[in-house]
S.K.: 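Pasting in a structure now, in structure tokens, and then I'll have a few things to ask.
Index from 1, following the sequence. When reading the values below, keep in mind they use all heavy atoms of this one structure, side chains included, and skip hydrogens, waters and symmetry mates.
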Amino acid sequence: MRYLVSAIDDETSSAGPGDPHAPGAYNSRLEAAGHLVFVGGLAAPGTATVIDNRNGKPLFTDGPYLESKEYLGGFWVIEVPDLDTAHRLAAEASKACNRKVEVRPFQ
């Protein structure tokens, strides 16, 4: 099964304490174990553009869709045999990136 592990960031934790090499080492361990499908970090929400083309004429709006103290800072797509393994790896991700994470399965 594939899971999305989302790193939840906020303005106060963006430069939080922790080992700056930990995320890279964590990514290397995921890759070596054959679990890493994709990993990516995202720019700040203020760099976002929201596009709504539901009515046939696209509307482009600068900035995030929602105003929130927390936002998606980055993510991993992992492939593991079960939810328990996804949870274990997500706990390691939280420690490595010094942020809360959320785990969601792909359908």
S.K.: If I take atom CG from residue L72 and atom CG from residue L42, how far apart are they, to the nearest 0.5 angstrom?
M.R.: 5.0 Å
S.K.: Can you run down the salt bridge (Lys or Arg N to Asp or Glu O under 4.0 Å) pairs that involve residues 36-52, sequence neighbours left out, and say none if there aren't any?
M.R.: D52-R54
S.K.: Given 3.5 Å as the limit, does a donor-acceptor pair link the side chain of N55 with the main chain of K57, or not?
M.R.: no
S.K.: In terms of hydrophobic clustering (I, L, V, M, F, W, Y; side-chain heavy atoms under 4.5 Å; direct or indirect links), are V101 and L30 co-clustered?
M.R.: yes
S.K.: Tell me every residue that passes ring pair (Phe, Tyr, Trp, His ring centres under 6.0 Å) with F38, counting only those two or more places apart in sequence or in another chain.
M.R.: F75
S.K.: Enter the distance from I8:CD1 to R99:CZ here, rounded to the nearest 0.5 Å.
M.R.: 11.0 Å
S.K.: Which pair of non-hydrogen atoms, one from C97 and one from P23, has the smallest distance, and what is that distance?
M.R.: CA-CG, 4.2 Å
S.K.: Taking all atoms of both residues into account, what is the closest heavy-atom pair of Y26 and A90, and its distance?
M.R.: OH-N, 4.3 Å
S.K.: Applying side-chain hydrogen bond (donor to acceptor under 3.5 Å, both in side chains), can you list everything that pairs with R2, at least two apart in sequence or on another chain?
M.R.: E79
S.K.: Are V80 and Y3 packed together at the side-chain level, in the sense that at least one heavy-atom pair is separated by less than 4.5 angstrom?
M.R.: yes
S.K.: Could I get the full list of salt bridge (charged side-chain N to carboxylate O under 4.0 Å, His left out) partners for K100, not counting sequence neighbours?
M.R.: E70
S.K.: Can you list everything that forms a salt bridge (charged side-chain N to carboxylate O under 4.0 Å, His left out) with E92? Sequence neighbours excluded, please.
M.R.: R88
S.K.: Do M1 and P81 touch side chain to side chain, with heavy atoms closer than 4.5 Å?
M.R.: no
S.K.: Locate the shortest heavy-atom distance separating T49 from F60; write the atom from each residue and the value.
M.R.: CG2-CD2, 4.2 Å
S.K.: Testing the basics here: between A93 and V5, what is the closest heavy-atom pair and its distance to 0.1 Å?
M.R.: CB-CG1, 4.4 Å
S.K.: Which pairs with one or both residues in residues 81-107 pass ring pair (Phe, Tyr, Trp, His ring centres under 6.0 Å), sequence neighbours excluded?
M.R.: none
S.K.: Counting only heavy atoms from other residues, nucleotides and ligands, does the tally under 6.0 Å from CZ of R29 exceed 12?
M.R.: yes
S.K.: Any side-chain heavy atom of W76 sitting closer than 4.5 Å to one from L36?
M.R.: yes
S.K.: Mind listing the closest non-hydrogen atom pair of A86 and V103 along with its distance?
M.R.: CB-CG1, 4.2 Å
S.K.: Could you give the distance from CG (L89) to CD1 (I78), rounded to the nearest 0.5 Å?
M.R.: 5.0 Å
